[in-house]
Engineer: 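Got a structure for you, questions after.
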Amino acid sequence: MSTPEADHSRDPCPIVILSDFGGAFSMGVIGGCVWHGIKGFRNSPYGERRIGAISAIKARAPVVGGNFGVWGGLFSFYDCSIKAVRKREDAWNAILAGFCVGGSLAIRGGPRHTFNSAVTCACVLAVFEGVGMMFQRYMAWANKPVAMPLPEQAAPAPLGA
Amino acid sequence: MSWIFGTPEKKETPQASSNKLGFDTNQISDISSILNSNTLDPTKLHPLAGLDKDIEYLDLDEEKLTSLEGADNGLLPSRGWTDDLCYGAGTVYVLGLGLGGLRGFNEGLKNLPQGRVDPVTNQVRPVPFKLKLNTVLNQITKFGPHMGNNAGVLAIMYNLIDASLDNFRNKHDDLNSLAAGFLSGALFRSSRGLKPMGYSAGAMTLVAAAWCGFKRVIN
């Protein structure tokens with residue numbers, strides 16, 4: 001499946017890595033604020049719930065953001081590199097990029113762990129791409145071209161005529 | 001990032017039809033007068049056909065550039081505050097990660113494990129390379145993400161406040177930047193008391209001033 005036109009909603013390749021780093025980091029930080037705010041609030045004793053939520057956000061939201069950001073940025077980096085090498089855009093780019101990201105992030109756990117992580121990440125990305133393609137097919141099927149109406153035919157004879 | 005935050009509202013600018021089609025619709029009497037006119041240019045028929053372009057690069061016309069006064073930073077075109085937020089946070093985060101990583105590398109090299117003296121042979125046992133590498137990597141992963149996260153969070157707060165001020169005042173200028181820097185610095189240390197808040201606010205104001213100055217130099 002190749003895309004005939006470039007995707008104009010995303011910037012061209014080398015510079016989009018920075019945007020993806022920032023976008024994923026922001027997403028992680030903002031989501032982490034909500035998540036750890038609620039978690040810190042619920043896990044604090046009565047009377048310290050507000051301060052508990054704030055300290056949980058302060059301690060954990062940037063870490064969540066950092067994890068998201070590194071994942072997204074590395075993915076974008078590998079995606080761009082693979083695009084540059086393969087000179088084509090298809091689902092395999094994302095899967096290979098996912099493989100590389102999973103491997104890179106687990107590189108310190110030893111070769112076995114690295115490989116397992118890489119394969120897991122590639123599988124997750126493959127599922128994403130597969131679901132995306134199915135969705136695309138479905139949308140295309142829902143909007144399929146409609147045949148022109150047949151030219152006017154003789155109206156059916158009314159019943160009983 | 002339009003799939004997260006939604007595409008910015010597109011405003012159609014009414015164009016004169018003669019400008020678009022190559023002939024004036026008011027002067028048409030029948031079809032043959034259109035077809036016989038020499039002004040008809042097929043490349044102007046539909047902009048999406050892309051017949052007038054020979055190379056397809058970044059077509060930012062599809063999502064309009066921001067029309068905010070003074071929002072052009074001279075480095076990158078921006079489609080609005082989401083672009084500013086993503087690029088700003090991403091750049092600052094990567095810079096912080098790199099600087100923190102360098103500092104961690106330095107710390108790791110300073111704190112390398114020393115070889116122990118063997119009590120029997122009285123010789124220094126060399127430390128294995130893997131252990132040294134581990135020390136350095138540990139220090140890098142300790143300092144790098146810490147600095148990157150803090151810098152990135154500051155950048156997010158700065159950009160959000162700056163975008164809010166821009167929208168509120170309907171223009172962007174250095175005053176907005178300085179105020180956003182001050183507020184984000186104050187918010188960053190708001191749980192540590194007034195004095196750290198003041199220091200951090202002052203430092204962020206200086207950083208915002210440096211960024212404004214840098215933009216001036218670039219342009």
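Here is how names work: the chains are called A, B, and so on, in the same order as the sequence lines, proteins then strands, and each is numbered from 1.
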Engineer: Do other residues, nucleotides or ligands put more than 12 heavy atoms under 6.0 Å from Arg50(A) CZ?
Structural biologist: no
Engineer: Does any part of the side chain of Tyr93(B), heavy atoms only, come nearer than 4.5 Å to the side chain of Leu18(A), both counted from C-beta?
Structural biologist: no
Engineer: Is it the case that more than 12 heavy atoms not belonging to Arg86(A) sit under 6.0 Å from its CZ atom?
Structural biologist: yes
Engineer: How about residues 33-48 of chain A versus chain B: which residues have heavy atoms under 4.5 Å apart?
Structural biologist: none
Engineer: Heavy-atom pairs under 4.5 Å with chain B: which of Ile54(A), Ile15(A), Val70(A) has the most?
Structural biologist: Ile15(A)
Engineer: Residue by residue, which of residues 56-64 of chain A have a heavy atom closer than 4.5 Å to a heavy atom belonging to chain B?
Structural biologist: Lys58(A), Pro62(A), Val63(A)
Engineer: Is it the case that over 12 heavy atoms from other parts of the model lie below 6.0 angstrom from the CZ atom of Phe182(B)?
Structural biologist: no
Engineer: For chain B, which residues from residues 95-120 of chain A lie under 4.5 Å away (heavy-atom distances)?
Structural biologist: Arg108(A)
Engineer: Under a 4.5 Å heavy-atom cutoff, which of Gly152(B), Ala155(B), Gly88(B) has the most pairs with chain A?
Structural biologist: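 Option with the greatest count: Gly152(B).
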Engineer: Checking heavy atoms, do the side chain of Asn134(B), its backbone, both or neither come under 4.5 Å from chain A?
Structural biologist: both
Engineer: For Val94(B), is it the side chain, the backbone, both, or neither that has a heavy atom closer than 4.5 Å to a heavy atom of chain A?
Structural biologist: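 Answer is side chain: those atoms of Val94(B) sit under 4.5 Å from chain A.
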Engineer: Under 6.0 Å from the OH atom of Tyr78(A), do we count more than 12 heavy atoms belonging to anything else shown?
Structural biologist: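 Counting other residues, nucleotides and ligands, OH of Tyr78(A) exceeds 12 neighbours.
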Engineer: Provide the closest heavy-atom pair for Cys86(B) versus Gly23(A) in the form atom of the first, atom of the second, distance.
Structural biologist: SG-CA, 3.7 Å
Engineer: Tell me, do Phe25(A) and Asn149(B) make a side-chain contact under 4.5 Å, heavy atoms counted?
Structural biologist: yes
Engineer: Does anything in residues 48-75 of chain A form a ring pair (Phe, Tyr, Trp, His ring centres under 6.0 Å)? List the pairs, not counting sequence neighbours.
Structural biologist: Trp71(A)-Phe75(A)
Engineer: Of all of Ile156(B), Leu97(B), Leu160(B), which one pairs up most often with chain A through heavy atoms under 4.5 Å apart?
Structural biologist: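 The candidate making the most pairs under 4.5 Å is Ile156(B).
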Engineer: Please determine whether the number of non-hydrogen atoms from other residues, nucleotides or ligands lying under 6.0 Å from atom CZ of Arg49(A) exceeds 12.
Structural biologist: yes
